[in-house]
Amino acid sequence: MGCRRNGLNRGLSDLHCKGMVPIDEDETHEGIKTIRIQKACEFTTSSVLCVCIITWNMNGKMSVEDVTKLVSSNRKFDLLVFGLQEVPKCDVAQVLQETMAETHILLCQKTMQSLQMFLFGAKSSEKYIRELKVDKHAVGGCGGIIGRKKGAVAMYINFSGIRMVFVSCHLAAHENKVEKRNSECQHISHSLFSKNDIQYTKSADITVWLGDLNYRLQGISSIPARKLIEENRQSKLRGKDQLLQEAEKGEVFNGYCEGTLLFKPTYKYNIGSSNYDTSYKIRVPSWTDRILFKVDHTSGLDAVLNSYEALDCIRSSDHKPVRAHLCLKVHGDSA
């Protein structure tokens, strides 16, 4: 990590005197930019910081085996972020810590009932933390009573000069609640860290939203959607995705980036299997679980997405976890 830190300090020493752009107030309308996955990161000195980001709706069920599967055997990441929704009343943090004990330590956690987020760093990483803040914001009613609290938990970290915001959220369910989800996104964005003198969300070099955003497929019924998925032609469904549609209209996540949706929709599965819902509702499969990111154009950083995938091997929930591997580089740097 030392080589990467040195490169970072050289590249960012004069960047943070510049004004930062708020995460949701771009002057131009871009929608969500779909980006290609780059080749696997080799964790070379050309990477300033490598982050593994995972989101998972646990559906109120605890499987120690599945929690340990969230993390790949490749543990060379500088930071790992876990955003969990519908977390059961048990100590998930302890299971994660035991799983990560050989390589990483828990740097921070934030909980709002069933919404939980954990930030892990390599064992030598504490000395690079310059500032660390957390916040939360609830939306909707008393969903926490039944273990489905809606809203967001957030973390701001200044890690060796890179200022990052992670927002883990759980938004309103059901296909017809698009406008409610849009409103919740906007409300969360404006409310997080708003009580601080420093507007952390507006000064971030990179902002990452992860979670069960709950946007569904629209304009297609379940059977035709499933047929396309069975034929491995789920790419045909991207045009039906509510999140991409709403971003294209300029309602949410303007200017954010997301990897290409090559994996199968992550909801709704029969628990204990990789078969889609066979209940009487026969829900339309949807990409409810997402990871989006935005790099401030004045930060001097480039973000490279090295993977964006669903973890089909995890079967204790009706959602599949989604994992991204994001590497940050000083703009113009080469190995």
Side-chain angles (χ1 to χ4, degrees), residues 22-24 51 53-60 62 67 70 79-97 106-121 129 131-159 163-173 177 180-204 206-215 252-253 256 288-294 319 321-322:
I23 64 172
D24 54 359
V51 186
I53 304 157
I54 298 166
T55 179
W56 185 31
N57 183 321
M58 298 179 69
N59 193 35
M62 178 64 176
V67 171
L70 289 176
L79 298 174
L80 290 98
V81 180
F82 297 88
L84 305 175
Q85 308 87 43
E86 296 188 27
V87 178
K89 294 181 179 179
C90 54
D91 198 345
V92 177
Q94 182 179 346
V95 177
L96 286 172
Q97 284 180 283
L106 180 62
L107 300 176
C108 184
Q109 66 183 81
K110 184 62 178 175
T111 297
M112 184 173 68
Q113 296 182 32
S114 60
L115 263 172
Q116 299 184 16
M117 182 157 56
F118 305 94
L119 174 65
F120 284 81
I129 299 175
E131 191 173 14
L132 188 58
K133 300 288 184 181
V134 296
D135 201 4
K136 63 182 180 180
H137 184 75
V139 296
C142 54
I145 294 176
I146 60 171
R148 297 181 180 181
K149 187 69 175 178
K150 298 299 196 296
V153 291
M155 294 179 185
Y156 165 88
I157 182 172
N158 183 329
F159 190 83
R163 301 189 286 198
M164 297 172 280
V165 169
F166 297 98
V167 180
S168 177
C169 66
H170 191 187
L171 304 181
K177 299 294 184 181
K180 186 174 183 181
R181 285 189 280 276
N182 292 349
S183 176
E184 289 175 349
C185 278
Q186 293 158 5
H187 199 234
I188 289 167
S189 178
H190 284 90
S191 300
L192 288 173
F193 300 111
S194 61
K195 297 178 182 178
N196 295 280
D197 293 334
I198 302 173
Q199 295 293 303
Y200 293 105
T201 55
K202 294 183 179 181
S203 64
I206 181 168
T207 303
V208 179
W209 280 65
L210 58 150
D212 180 359
L213 277 65
N214 248 326
Y215 288 90
V252 289
F253 296 109
Y256 274 72
T288 54
D289 311 277
R290 312 289 274 269
I291 299 171
L292 310 168
F293 65 93
K294 184 176 186 178
H319 290 253
V322 173

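For the atom pair OG of Ser183 and CG of Leu171, the computed distance is 10.5 Å after rounding to the nearest 0.5 Å. Taken from CG in Asn57 to OG1 in Thr288, the straight-line distance is 7.5 Å, to the nearest 0.5 Å. Separating the CZ atom in Phe159 from the CG atom in Leu132 is a distance of 11.0 Å, to the nearest 0.5 Å. In this structure, Arg290 CZ and Phe253 CZ are separated by 9.5 Å, a value rounded to the nearest 0.5 Å. Atom CH2 of residue Trp209 and atom SG of residue Cys169 lie 5.5 Å apart, to the nearest 0.5 angstrom. Separating the CG atom in Leu84 from the CD atom in Gln109 is a distance of 11.0 Å, to the nearest 0.5 Å.
Of the candidates His170, Gln85, Lys150, His170 is the only one forming a side chain to side chain donor-acceptor pair (under 3.5 Å) with Asp212.
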Stepwise side chain to side chain contact (heavy atoms under 4.5 Å, CB included) test for Ile157 and Cys108: CA-CA 10 Å; Ile157 182 172; Cys108 184; over 6 Å; no
Criterion side chain to side chain contact (heavy atoms under 4.5 Å, CB included) on Leu79 and Met164, from CA distance to verdict: CA-CA 11 Å; Leu79 298 174; Met164 297 172 280; 3.7 Å; yes
Audit row: Val67, Met58, side chain to side chain contact (heavy atoms under 4.5 Å, CB included) steps and yes/no: CA-CA 9 Å; Val67 171; Met58 298 179 69; 4.2 Å; yes
Residue pair Val208, Val81: steps toward the side chain to side chain contact (heavy atoms under 4.5 Å, CB included) verdict: CA-CA 10 Å; Val208 179; Val81 180; over 6 Å; no
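Counting heavy atoms from C-beta outward, Thr111 and Val153 have side chains that stay 4.5 Å or more apart. Inter-residue side-chain proximity for Val252 and Tyr215 is flagged as met; some heavy-atom pair is nearer than 4.5 Å.
The two residues Leu106 and Leu119 make their nearest non-hydrogen contact at CD1-O, 3.6 Å. Contact between Ala172 and Arg181 at its shortest, heavy atoms only, is O-NH1, 2.8 Å. Taking every heavy atom of both residues into account, Val167 and Ala152 meet most closely at CG1-CB, 3.9 Å. Between Ser203 and Arg163, the shortest heavy-atom distance links the atoms O-NE, 3.3 Å. Taking every heavy atom of both residues into account, Leu210 and Ile54 meet most closely at CD1-O, 3.4 Å. Residue Met155 comes nearest to Lys110 through the heavy atom pair CE-N, 3.8 Å, listed as atom of the first residue, atom of the second, then distance.
Note: Phe120 and Phe118 have tilted aromatic rings, judged against thresholds of 30 and 60 degrees for the angle between ring planes.
Between the side chain of Asp135 and the backbone N or O of Phe193, at least one donor-acceptor pair lies under 3.5 Å. Remark: side-chain polar atoms of Thr207 are not paired, donor with acceptor, to backbone N or O of Val165 under 3.5 angstrom.
Considering only residues two or more places apart in sequence or on other chains, Tyr156 meets the side-chain hydrogen bond (donor to acceptor under 3.5 Å, both in side chains) condition with none of them.
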